[in-house]
Amino acid sequence: MRRMLVRGAVAALAATVVTVPGGARPAQADTGSLLGPITQIYSTLAAGGPPQQVVHQVVTAVAGIRADALAELERVPIAGVRACATRHVVELADLERLAPSAAQAWARDATACAALTDGHLQAAQVGPPQSTSAGPGDAKHTVDPLGLAVNLVGPIAMAARLHAGLGDGGLRQLLVGANTAVITKIQPYCTEWRQYEDDSNLFELWFMCLAYNHNWVTQFGVARDYQGITVPPGCEPWHSCEETPASPPVDKERIRFEATRHTSWVVARAVLPLL
């Protein structure tokens, strides 16, 4: 009876739990906090419009997140990528004042930085999603900050090429490959299971996702295995027959997002459709 009461109370509250090892997350810049601004920058570039206006909007948007972006870039463990990405985040403010030849050179440098970042992303060797957090030597700890770096310098390079009158078809393809690599290499481990009540066709449908950095989220809802009281022929209580939806609904996409919200996985998933 006690478990039934607890179950009902928690289910009514959507039963979502988020944990971070070691207590509260220390105050710092957060990849997830850059999701909205980075997505908006890509959206601005995808929407098109007068080049001068588009470039100015990107320059202004990057200026607005410069401090957080630079703080996050400090996490990039590869010195060459960290240096070139930092440089282009800082120097973008001067892009509109550069002479045409200097603007073209700067745009090519930014493109080379994006290519360097992508090269390290593609080369990173990682295993499949796992039910335990990644160890300190796991390459996923490198892929994550590289995923953010490529989505800072990438749209900067796109804007610079637009300003300099250079095409960006090849760069877009590079960014598609880079973000696909991020999505594949640091995708969360997710699993689903059912917990039945004794002598009942009610069960708790649980769904849990664990990010490589040990952020995890779980949710459950109560569902019924079959309609009515009589068990349909050939159906046992532990098999699914005419299953009713869980209540509250188990939102798997939201659980994936919440588990990975502090990683570049959510950024890659958001911007890929815009390329």
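Start at 1 with the first residue, then count along the sequence. The shown structure was predicted, so the numbers you read here are calculated from the model rather than taken from an experiment.
- Put simply, CD on Glu192 and CZ on Phe207 are 7.0 Å apart, with the number rounded to the nearest 0.5 Å.
- In this structure, Ala164 and Ala107 approach most closely via the heavy-atom pair CB-CB, 4.4 Å.
- Contact check for Ser131 versus Thr191: no side-chain heavy atoms found under the 4.5 Å cut-off.
- For Glu253, the side-chain contact (heavy atoms from CB on, under 4.5 Å) test picks out Asp251, Arg256, Arg269, with sequence neighbours left out.
- A salt bridge links Arg75 to Asp144: one of the charged nitrogens lies within less than 4.0 Å of a carboxylate oxygen.
- Side chain of Lys185 to backbone of Ala124: a donor-acceptor contact under 3.5 angstrom is found.
- Leu166 and Val58 end up in different hydrophobic clusters when Ile, Leu, Val, Met, Phe, Trp and Tyr side chains are linked at under 4.5 Å.
- For the side-chain contact (heavy atoms from CB on, under 4.5 Å) test, residues two or more places apart in sequence or in another chain that qualify with Val266 are Leu35, Phe257, Thr260.
- By the side-chain hydrogen bond (donor to acceptor under 3.5 Å, both in side chains) test, Asp118 pairs with Gln122, sequence neighbours left out.
- Among residues two or more places apart in sequence or in another chain, the side-chain hydrogen bond (donor to acceptor under 3.5 Å, both in side chains) test is passed with Gln52 by none.
- Applying the disulfide (SG to SG under 2.5 Å) test to pairs two or more places apart or on separate chains, those with a residue in residues 66-119 are Cys84-Cys113.
- Among residues two or more places apart in sequence or in another chain, the side-chain contact (heavy atoms from CB on, under 4.5 Å) test is passed with Pro37 by Ile65.
- Side chains of Val81 and His120 form a contact here, defined as non-hydrogen atoms less than 4.5 Å apart.
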- request: Dump the intermediate steps for side chain to side chain contact (heavy atoms under 4.5 Å, CB included) on Leu175 and Met158, then the final yes or no.
  value: CA-CA 10 Å; Leu175 293 173; Met158 291 171 65; 3.7 Å; yes

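- The two residues Leu121 and Gly147 make their nearest non-hydrogen contact at CD2-N, 4.1 Å.
- Put simply, the side chain of Leu95 does not reach to within 4.5 Å of the side chain of Arg97, judged on heavy atoms.
- For the atom pair Leu73 CG and Asp68 CG, the distance stands at 11.0 Å (nearest 0.5 Å).
- Residue pairs that meet the ring pair (Phe, Tyr, Trp, His ring centres under 6.0 Å) test with at least one member in residues 58-82, sequence neighbours left out, do not exist here.
- Following chains of ILVMFWY side-chain contacts shorter than 4.5 Å, one cannot reach Val153 starting from Leu275, and the two form parts of different hydrophobic clusters.
- With Thr117 as the fixed residue, the side-chain contact (heavy atoms from CB on, under 4.5 Å) test singles out one of Ile78, Leu148, Val150: Val150.
- Identified under the ring pair (Phe, Tyr, Trp, His ring centres under 6.0 Å) test for residues 139-175, with sequence neighbours left out: His141-Tyr212.
- Rounded to the nearest 0.5 angstrom, Arg66 CZ and Leu92 CG are separated by 8.0 Å.
- Of all heavy-atom pairs between Thr39 and Ala270, the closest is OG1-CB, 3.7 Å.
- In this structure, OG in Ser133 is found 8.5 Å from CG in Asn213, a value given to the nearest 0.5 Å.
- Residues Leu174 and Ala114 come closest through the heavy atom pair CD2-O, 3.7 Å.
- Atom CG of residue Leu34 and atom CG of residue Asn151 lie 10.5 Å apart, to the nearest 0.5 angstrom.
- Across all non-hydrogen atoms, the minimal contact from Trp265 to Gln187 is NE1-CA, 3.3 Å.
- Cluster annotation: Leu274 and Ile156 are assigned to the same hydrophobic cluster (Ile/Leu/Val/Met/Phe/Trp/Tyr, side-chain heavy-atom contacts under 4.5 Å, transitive).
- Contact annotation: the side chain of Arg254 never approaches that of Val217 to less than 4.5 Å [non-hydrogen atoms, C-beta and beyond].
- Every salt bridge (Lys or Arg N to Asp or Glu O under 4.0 Å) that Glu91 has, sequence neighbours left out, goes to Arg87.
- Pro145 places a side-chain heavy atom less than 4.5 Å from the side chain of Pro77.
- Judged as a side-chain hydrogen bond (donor to acceptor under 3.5 Å, both in side chains), and not counting sequence neighbours, the contacts of Arg172 are Asp168.
- A search for side-chain contact (heavy atoms from CB on, under 4.5 Å) contacts involving Glu74 returns nothing, not counting sequence neighbours.
- Rounding to the nearest 0.5 angstrom, the gap separating the CG atom in Leu171 from the CG atom in Leu162 is 11.5 Å.
- Contact detail for Ala139 and Val126: the closest heavy-atom pair is CB-CG1, 3.7 Å.
- Residue pairs meeting the ring pair (Phe, Tyr, Trp, His ring centres under 6.0 Å) criterion with at least one member in residues 54-108, sequence neighbours excluded, are His88-Trp106.
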